[in-house]
Amino acid sequence: MKKLKFILAVLLCFSLFVGCSKQIDREDMIATVGGKAISKSEYMLYLYEATRDFNEIGGNDIWETDFDGQSAEDVVKERAFTTMLHIKVTADKANRYKVSLSEEDKAVAQMKGEAELATMTEEQKNAVSLSAEEVYKIMEDTLLYQKVIEAVTKDYQVSEADFNAYFEQNKESQRESYTEYTISAISIADQQTAQEVSQRLKEGEDFQTLFQTYELNPQQKETGGITTTYKSRLDSSFDMDFHFEEGETTEPISIEGYYIVIHVDKKSVPDDTILKELMRLEYTSSIKQKAFSDELNQWLADTEIERNDVVWNAIEMIP
């Protein structure tokens with residue numbers, strides 16, 4: 001249920017501003033944004049990313065979920081389209097804010113594009129049907145989008161009085177969220193073995209010996225299975241209330257066809273000084289995001305957006 005609520009929250013962050021759909025004749029054009037044509041292939045890259053993110057957040061069973069009368073596929077298609085609009089409209093404001101990409105930025109965009117292509121199967125590449133250069137250009141748009149956000153919000157000042165009131169009202173609930181854990185985790189193929197490993201850890205056997213024996217992922221063995229993170233991230237990652245104390249070992253946790261056993265090496269509850277700085281960063285980011293969203297919504301309202309329903313209705317999900 002937590003995963004579903006998280007997905008809905010993410011999706012509701014995006015307001016879709018699409019003008020009345022008009023017939024667009026070209027078969028490879030999915031939309032025009034401010035008079036500029038957007039190809040179906042470009043949209044398919046955004047759809048690929050949205051589909052991948054959806055799978056990572058909700059797992060394979062998320063595709064059977066009903067979202068207030070919408071299928072998961074329709075929700076993902078709309079999310080991808082909205083994300084594309086946001087990036088296109090925002091990147092188009094780069095000149096207004098004197099934002100541009102350096103050669104170093106373009107090199108970063110190319111590396112991101114190469115990394116994106118490396119995640120795709122041949123079937124997925126065929127479904128997207130973009131050249132490497134076209135993928136790099138989309139990554140450049142994404143970098144411009146981020147730079148414009150920074151330019152729009154760089155001078156925004158947070159009210160100290162408002163933040164202090166927010167801190168006092170929320171500090172106890174956030175103290176729990178920002179409790180830091182150092183954990184050692186082993187990924188195990190089957191429940192019975194995971195149960196045995198959990199019990200052996202509880203009885204005091206050496207973690208690293210068991211980790212090197214049972215860890216499924218060879219790459220993870222290089223890290224030793226040790227991670228430091230916050231409770232809130234553990235809660236969302238494992239869809240649970242992670243309430244364990246230092247020295248405790250969990251029962252096997254089921255994760256997409258395998259099991260994880262976690263030993264808590266260290267638990268650190270932040271004092272008010274540390275907590276206030278962590279919450280200040282989060283609060284400032286959320287306020288700046290709200291300020292940018294208000295600006296973006298106005299840009300979207302002022303931009304003529306036409307979606308080609310013929311092409312849109314024929315879109316198939318990325319395999």
Quick one: [atom1] on [X] to [atom2] on [Y], what's the gap to the nearest 0.5 Å?
X    : Y    : atom1 : atom2 : result
R79  : T51  : CZ    : OG1   : 9.5 Å
L216 : Y258 : CG    : OH    : 8.0 Å
Y181 : T227 : OH    : OG1   : 14.5 Å
I253 : S237 : CD1   : OG    : 10.0 Å
D206 : T213 : CG    : OG1   : 9.5 Å
E295 : T153 : CD    : OG1   : 11.0 Å

Could you state whether [X] and [Y] fall into the same hydrophobic cluster, counting links through intermediate Ile, Leu, Val, Met, Phe, Trp or Tyr residues with side-chain heavy atoms under 4.5 angstrom apart?
X    : Y    : value
L45  : M317 : yes
F207 : L234 : no
V261 : I255 : no
Y46  : M139 : yes
L210 : F244 : no

Identify the two heavy atoms, one from [X] and one from [Y], that lie closest to each other, and give their separation to 0.1 Å.
X    : Y    : answer
D235 : F242 : OD1-N, 2.7 Å
S39  : E42  : OG-N, 3.0 Å
S187 : I260 : OG-CG1, 4.0 Å
K77  : Y43  : O-OH, 2.9 Å
S129 : S41  : O-OG, 3.3 Å
F211 : G225 : CZ-N, 3.3 Å

May I ask you to decide if [Y]'s main-chain N or O and [X]'s side chain share a donor-acceptor pair within less than 3.5 Å?
X    : Y    : value
T284 : R280 : yes
D92  : V89  : no
T90  : I87  : no
Y259 : Q192 : no
E306 : T32  : no
D271 : I274 : yes
S198 : T250 : yes
E134 : S131 : yes
S285 : L281 : no
T182 : K266 : no

Would you please test S293 and Q289 for side chain to side chain donor-acceptor pair (under 3.5 Å) and show each step? CA-CA 6 Å; S293 293; Q289 184 59 51; 3.3 Å; yes

Is the charged tip of K276 near the ring of F167: under 6.0 Å from the six-membered ring centre and within 45° of its axis? yes

Is it possible for you to check whether R307 lies under 6.0 Å from the centre of the six-membered ring of F81, through NZ or CZ, and within 45° of that ring's axis?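 Yes - R307 lies over the ring of F81, closer than 6.0 Å to its centre and within 45° of its axis.
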
Side-chain donor-acceptor pair present, Q195, Q191, cut-off under 3.5 Å: no

Any donor-acceptor N or O pair under 3.5 Å, side chains S102, D105: yes

State whether the number of non-hydrogen atoms from other residues, nucleotides or ligands found under 6.0 Å of K125 atom NZ is greater than 12. yes

Q157 atom CD, over 12 foreign heavy atoms within 6.0 Å: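 Open: at most 12 neighbouring heavy atoms sit under 6.0 Å from CD of Q157.
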
Parallel, tilted or perpendicular for F292 and Y145, by the 30°/60° rule? perpendicular

Any heavy-atom pair between the side chains of [Y] and [X] that's under 4.5 Å?
X    : Y    : answer
Y214 : R200 : yes
L300 : H86  : yes
V108 : M111 : yes
K40  : I315 : yes
E251 : K202 : yes
K88  : K36  : no
T142 : Q146 : yes
K112 : L143 : yes

Below 4.0 angstrom, N of the basic side chain to O of the carboxylate: do [X] and [Y] qualify?
X    : Y    : result
D241 : K231 : yes
E150 : K147 : no
E140 : K137 : no
R52  : E116 : yes

Candidate pair F67 and D74, rule side-chain contact (heavy atoms from CB on, under 4.5 Å), full reasoning: CA-CA 9 Å; F67 291 88; D74 286 343; over 6 Å; no

Between E172 and E176, does the side-chain contact (heavy atoms from CB on, under 4.5 Å) criterion hold? Intermediate values first, please. CA-CA 7 Å; E172 293 313 320; E176 184 177 26; over 6 Å; no

Could you go step by step and tell me if Q174 and Q169 meet the side-chain contact (heavy atoms from CB on, under 4.5 Å) rule? CA-CA 10 Å; Q174 291 297 300; Q169 183 177 357; over 6 Å; no

